[in-house]
There are 2 protein chains.
Amino acid sequence: MISDFNEIMSLNVKGMKKSAIRELLKLTNNPDIISFAGGLPDPKTFPVEELKEVVVEVLDEDSDKALQYGSTEGDKRLREIIVENYRSQGFDIQLENVMITTASQQGLDLLAKIFIDRGDKVIVGLPSYLGGLSAFNAYGAVPVGIEFDDHGMIAEKLEEALAKMKANGEKPKFIYIIPDFQNPAGLTMPEERRKKVIEIAKRYDVLIIEDSPYKELRFEGEEQKSLYALDNTGHVITMGTFSKIFVPGFRVGWIIAHPEITDKFVTAKQSADLCTSPFVQKIAAKYIDKGYYKKNLVKTIAIYKEKKEAMMAAFDKYMPEGVTWTKPEGGLFLFVTLPEYMDAEKLFVKAIEEKVAFVTGNVFHCNGEGRNTMRINFSYMDKESNLEGVKRLAKVIKAEMK
Amino acid sequence: MISDFNEIMSLNVKGMKKSAIRELLKLTNNPDIISFAGGLPDPKTFPVEELKEVVVEVLDEDSDKALQYGSTEGDKRLREIIVENYRSQGFDIQLENVMITTASQQGLDLLAKIFIDRGDKVIVGLPSYLGGLSAFNAYGAVPVGIEFDDHGMIAEKLEEALAKMKANGEKPKFIYIIPDFQNPAGLTMPEERRKKVIEIAKRYDVLIIEDSPYKELRFEGEEQKSLYALDNTGHVITMGTFSKIFVPGFRVGWIIAHPEITDKFVTAKQSADLCTSPFVQKIAAKYIDKGYYKKNLVKTIAIYKEKKEAMMAAFDKYMPEGVTWTKPEGGLFLFVTLPEYMDAEKLFVKAIEEKVAFVTGNVFHCNGEGRNTMRINFSYMDKESNLEGVKRLAKVIKAEMK
């Protein structure tokens, strides 16, 4: 081994931390522990029988291309399907707007690679998705957090931050927003707020990143128009993924952007992994073309809706006064706020003793706040475990209350 | 679209170029053109029937894990297989030395991410693999090229460059070597040279990157011990991939390194794509466990050996005096040197008119040299096309000769 290994690493890597969530998840591998910590889909939603049929068809009909290198932009049929689907949602896009990614984490990585030099500022939510924060951090970005209310990022606070930066001669590289059933908060931004945010971003000439992995997982309430469709002038980059609405194990996502921006993503992806597996892309395209995707999504939504409702009922029943939580209309998460004097990290240790796990909310806050908050996943555990887990968690919280 | 898009990109992306090869390949999509330009495996080597069987088994037995998120390190069974295989080649390694990558291009990308700050030097061959050069360039690396002889990188020239850098208070981040059937040169470094290079690297305290995607594709001559196994002190990072010895469409590769280095790769990969598809990893592991890999490799080698020999015979028969070429003992490529006064880029235009394509050698030279060289792939086209293509190419070269 070389003598100065810890010195010769890049500055960015010196600043990298292993994902707190992934390290926490290791602690919760014990099967006795009821874990609300991950963000995993329920394997019951995986369309195994349909996939067996589709995979054999792909190998019978198209193996020369499915098993070969593919284009960096992605499989043409899959991109066409994505264009059709988003056009029906009001996106003014063509094939050239779409690039396939090795799931949405790669979209976030390439986004950072394209835009961020060490020290550049980016605007994120308080709280925001940890995978986004780490991807930006991996290129030396400095996150600027914007406060949330029940509708997500507060437009006035966003404008304040932009005005302040402008006065200092600064401009952030982008505004990172998860508008639907936000991870971790579980909140959805209503159309009026979306319009306000777009208007501000345009006025300050800043790109918006719309990361929307859960949009299709709506249990109730009204679908909100995408920021991309509300803009349609190329000011928004939208990211999507099959991880939560089909299977995460394929690692297939996409970005939708102005063709000039998509072109930069293609260049950056060439040196990152050449192309996303054509094999899984072709399976995904055929699965959708055969109508299985829509059918399975209905089933998936029903499963998660039932789990969410059971969890909400358990929270109502068991949680002591002074604890509040978000009421998500979809997605995988709810966010819990404990009394201000409580510390979720300390609680975590007691919770593990009681065999229940969660993610502490501070890891989602780029400013280190949120010590009295936690993220709860309701998609992975079965209904009974969700109920039992909430009971255990409530017990731990009560014991720590003043 | 924002007003200053071309200004707000990162410095690294401003310096990125689209891959010359991938852009060239687009020109050669015309099916009338006999293309020696790509580096694609022959689809006849793809084990389609075996895969149909294996995929159904994976979905029947292990769908909950195959379709779910996986660990960043990679599938445990697949890593075990890799450990067993390399241990039998003299690698002193355990599970903790191995991480799965989204094919070897991701290995190169993460390598650059871990070690390179803008302006850092890296040592590469003259010529070297374009995908490596672009991955390093994407993080602002400054490549220092070392001359080749028939055995690859010249040890004395390497030492000279390191001594010169040391005198200037500089140290490169690593030495990038493709020791077996090098892309593009088709040359293999003999054991004695490997030992010399390791000795020099250790003396100057610099890491060696051993990128070896073709090692298993040996048609003749004696297998050379890996640099990793010749060292076994953690001074070498080895990269491998299934792309050329199984299928490229799965996008599965691996890195083998000292555990402290592997740990940094894991951290960097977490924010790059979380994990490589567990689905394709489990298929690959089962395919190997069932004994199909070894059987299919024998078939693959036979196919490529026959193509290589046919091509060599055609070169002998048709090429005019003054043209020389390497005689690869394996891999996918040979490298052609034209008389010094010739320019392969000009030749390329004429070649396309005659419906034959190649890659100009200058793109593999970080110092812009190699204008009179070209890379020829013999793995993708069938034997007859290889023969006809060499005939056409020889005709074009003759017409340009003085």
Side-chain angles (χ1 to χ4, degrees), chain A residues 1-3 5 8-11 13 16 18-19 22 40 43 46 48 51-52 55-56 59 63-64 66-70 72 102-103 105-106 109 113-117 134-135 138 173 205-207 233-235 247-251 258 260 264 267-268 270-274 276-280, chain B residues 1-3 5 8-11 13 16 18-19 22 40 43 46 48 51-52 55-56 59 63-64 66-70 72 102-103 105-106 109 113-117 134-135 138 173 205-207 233-235 247-251 258 260 264 267-268 270-274 276-280:
Chain A
M1 179 62 156
I2 57 164
S3 66
F5 174 59
I8 70 159
M9 283 183 300
S10 67
L11 290 170
V13 166
M16 264 185 212
K18 276 208 179 168
S19 158
R22 294 188 83 86
L40 304 186
F46 298 160
V48 180
L51 279 177
K52 274 156 65 177
V55 173
V56 171
L59 285 172
S63 65
D64 278 14
L67 302 174
Q68 189 57 278
Y69 287 101
T72 307
T102 304
Q105 189 65 36
Q106 186 184 50
D109 177 64
K113 193 170 193 173
I114 292 171
F115 289 108
I116 295 170
D117 290 318
S134 350
K173 283 298 174 82
D205 202 27
V206 179
L207 283 172
T233 71
H235 229 89
V247 292
F250 276 15
R251 315 305 298 131
H258 187 284
E260 270 187 67
K264 295 296 167 195
T267 307
Q270 275 179 356
S271 69
D273 67 359
L274 289 179
T276 294
S277 165
F279 179 59
V280 295
Chain B
M1 180 59 157
I2 57 164
S3 65
F5 174 61
I8 70 161
M9 282 183 301
S10 68
L11 289 169
V13 166
M16 265 185 212
K18 278 208 177 168
S19 157
R22 294 188 82 85
L40 304 186
F46 299 159
V48 180
L51 279 178
K52 273 155 65 177
V55 173
V56 171
L59 286 172
S63 64
D64 277 15
L67 301 174
Q68 189 57 277
Y69 287 101
T72 307
T102 304
Q105 189 65 37
Q106 186 186 48
D109 177 63
K113 193 171 191 170
I114 291 170
F115 289 108
I116 296 171
D117 288 318
S134 349
K173 285 297 173 84
D205 203 26
V206 179
L207 284 171
T233 72
H235 228 90
V247 293
F250 275 16
R251 315 306 296 131
H258 186 286
E260 269 188 67
K264 295 296 167 195
T267 308
Q270 275 179 355
S271 70
D273 67 359
L274 290 180
T276 294
S277 164
F279 180 58
V280 295

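In what follows, chains carry the letters A, B, and so on, assigned in the order in which the sequence lines appear, proteins first and then strands, with residues in each chain numbered from 1. What you see is a predicted model; the values in this text were computed from it and never measured.
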What part of Ala272(B) is in contact with chain A, defined as an atom under 4.5 angstrom from a non-hydrogen atom: side chain, backbone, both or neither?
both
If you round to the nearest 0.5 Å, how far is NZ of Lys264(A) from OG of Ser10(B)?
10.0 Å
Find the distance between NE2 (His235(A)) and CE (Met1(B)) and round it off to the nearest 0.5 Å.
9.5 Å
Looking at Val56(B), Val280(B), Asp109(B), which makes the most heavy-atom pairs under 4.5 Å with chain A?
Asp109(B)
If you tally heavy-atom pairs under 4.5 Å against chain B, which of Thr102(A), Asp64(A), Ile114(A) wins?
Ile114(A)
Selection from Asp273(B), Leu51(B), Asp205(B) maximising heavy-atom pairs under 4.5 Å formed with chain A
Asp205(B)
Kindly indicate whether the side chain of Phe250(B), heavy atoms from C-beta on, has any atom under 4.5 Å from the side chain of Leu67(A).
yes
Just so I understand: if I count every heavy-atom pair under 4.5 Å between each of Ile8(B), Thr276(B), Thr233(B) and chain A, which residue has the most?
Ile8(B)
Under a 4.5 Å heavy-atom cut-off, does chain B meet the side chain of Ala66(A), its backbone, both or neither?
backbone
State whether the side chain of Ser277(A) and the backbone N or O of Gly249(B) hold a donor-acceptor pair below 3.5 Å, judged by distance alone.
yes
Side-chain touch Ile116(A)/Met9(B), heavy atoms, less than 4.5 angstrom
no
Do the side chains of Gln270(B) and Ser134(A) get nearer than 4.5 Å, heavy atoms only?
no
Looking only at heavy atoms, which two atoms of Ile2(B) and Leu207(A) are closest? And how far apart?
CG2-N, 3.7 Å
CZ-CG distance between Phe46(A) and Leu59(B), expressed to the nearest 0.5 angstrom
11.5 Å
Note, Arg251(A) side chain near Leu274(B) side chain (heavy atom, < 4.5 Å):
yes
For the atom pair CD (Gln105(B)) and OH (Tyr69(A)), what is the distance rounded to the nearest 0.5 Å?
9.0 Å
Rounded distance (nearest 0.5 Å) linking atom CZ of Phe115(A) with atom CZ of Phe5(B):
5.0 Å
